[in-house]
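Below: one structure, written as structure tokens.
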Amino acid sequence: MTSMTAGRPTQGATSRITLTSDDVARELVSTHTPAALAETGYLPGRDEHAVASQMREHQLDEALLLGRCSTTNDVDAFYRRDEEPDEQWHARREDTIAKYCARCPIAAACLELALRYPEAPQDLAVRGGITEEDQLALVDMEAERLAAARARDRAPYEQRTMRLHAARQVLGLAQSHIGLSIKPEARDKNHAELRAAVSELEQLRSDHRRATGWAA
């Protein structure tokens with residue numbers, strides 16, 4: 001996916017905004033379902049890995065349902081048998097790649113999910129048309145990017161936990177709200193804590209809505 005620019009004329013001059021491939025891929029992923037990405041050629045196209053890298057874990061899982069192998073009962077074709085000789089396994093997995101992965105519309109998503117959440121080395125299998133050895137090499141090579149992707153996958157759950165915690169804090173302070181019968185300094189401290197807790201909850205909700213596109 002090549003860099004793209006968008007220009008907007010401003011009083012005789014041109015303001016240019018440069019979009020990176022990640023920017024474009026992120027926008028595609030946020031506005032298209034995995035099925036639409038596959039059908040319109042973004043996911044299986046030449047920029048498939050850029051697009052897949054911006055997908056979240058649940059989108060990658062959804063994409064797997066569109067794979068050429070999704071309806072097969074030949075699951076063992078992707079795994080090495082116990083004590084299977086190298087030569088026999090290598091030939092068998094090449095057949096698997098040719099039969100299932102070569103023209104699969106979501107191979108990049110399959111590979112991204114495997115790299116982001118790899119199985120134990122002894123349980124590795126053909127994923128996205130890539131052998132176990134190549135998967136391990138890619139995991140090492142892209143360790144920093146994959147760690148950042150996992151963090152983005154976790155973010156919605158962590159943010160939801162923060163919102164729930166903030167809401168419980170507001171409820172607890174509201175239930176212990178101090179009235180006029182208490183000394184002014186204690187009452188003011190209690191009221192200030194409640195206002196701060198409400199403000200924190202509102203900020204967390206506002207951040208969530210902006211992040212999910214509910215607000216500008």
Side-chain angles (χ1 to χ4, degrees), residues 1-10 13-68 70 97 101-119 124 126-163 203-216:
M1 190 172 297
T2 57
S3 294
M4 298 176 63
T5 59
R8 179 182 297 174
T10 55
T14 301
S15 175
R16 296 176 67 81
I17 301 174
T18 301
L19 301 178
T20 66
S21 59
D22 284 347
D23 293 330
V24 177
R26 194 175 299 115
E27 177 65 18
L28 288 171
V29 168
S30 68
T31 55
H32 291 66
T33 65
L37 290 171
E39 290 171 3
T40 54
Y42 287 117
L43 195 51
R46 65 186 180 89
D47 302 313
E48 58 185 1
H49 294 295
V51 172
S53 69
Q54 296 302 320
M55 296 172 73
R56 301 278 52 84
E57 182 183 6
H58 70 92
Q59 294 172 308
L60 296 171
D61 282 332
E62 184 179 339
L64 293 188
L65 299 176
L66 306 170
R68 295 188 67 200
S70 62
I97 290 171
C101 307
R103 292 180 289 108
C104 181
I106 55 89
C110 177
L111 175 60
E112 175 65 21
L113 189 61
L115 297 180
R116 203 177 295 181
Y117 299 101
E119 296 181 273
L124 287 177
V126 172
R127 290 290 183 268
I130 302 297
T131 65
E132 313 96 295
E133 299 91 339
D134 287 343
Q135 288 176 52
L136 290 172
L138 286 171
V139 166
D140 287 340
M141 187 184 308
E142 302 185 27
E144 185 174 344
R145 180 190 72 77
L146 294 169
R150 286 190 292 270
R152 290 195 297 272
D153 287 341
R154 292 193 303 269
Y157 305 101
E158 294 174 350
Q159 291 163 1
R160 181 173 183 271
T161 299
M162 291 172 62
R163 292 195 302 276
Q203 184 61 54
L204 288 170
R205 285 173 173 167
S206 178
D207 291 344
H208 171 66
R209 288 168 180 169
R210 280 196 295 271
T212 54
W214 294 357

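This is a predicted model, so every value here is computed, not measured.
Taking the side chain as every heavy atom from C-beta outward, Pro118 and Gln135 never approach each other to under 4.5 Å. Using a 4.5 Å heavy-atom cutoff, the side chains of Arg26 and Val29 are not in contact. Using a 4.5 Å heavy-atom threshold, the side chains of His58 and Asp153 count as separate.
Environment of CD in Glu144: sparse, with no more than 12 heavy atoms of neighbouring residues, nucleotides or ligands closer than 6.0 Å.
Distance check: Leu37 CG to Gln54 CD gives 11.5 Å after rounding to the nearest 0.5 Å. Arg145 contributes atom CZ, which lies 9.5 Å from atom CZ of Arg150 (distance to the nearest 0.5 angstrom). In this structure, Leu138 CG and Glu112 CD are separated by 10.0 Å, a value rounded to the nearest 0.5 Å. Interatomic distance, CD of Glu27 versus NE2 of His32, reported as 9.0 Å (0.5 Å rounding). To the nearest 0.5 Å, atom CZ of residue Arg56 and atom OG of residue Ser30 are 11.5 Å apart. Atoms OG1 and CG, from Thr131 and Leu124 in turn, are 9.5 Å apart once rounded to the nearest 0.5 Å.
Heavy-atom minimum distance, Ser53 versus Arg152: O-NH2, 3.8 Å. Ala25 and Ala50 make their closest contact through CB-O, 3.4 Å (heavy atoms, listed as atom of the first residue, atom of the second, distance). Shown here for Val51 and Tyr42, the closest heavy-atom pair between the two residues is CG2-O, 3.9 Å.
Checked against ring-ring contact (aromatic ring centres under 6.0 Å, His included), His49 has no partners two or more places apart in sequence or in another chain. By the salt bridge (Lys or Arg N to Asp or Glu O under 4.0 Å) test, Arg127 pairs with Glu119, sequence neighbours left out.
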Anything under 3.5 Å between a donor and an acceptor, one on a side chain of residues 101-111, the other on a protein residue two or more places apart or in another chain? List them.
none

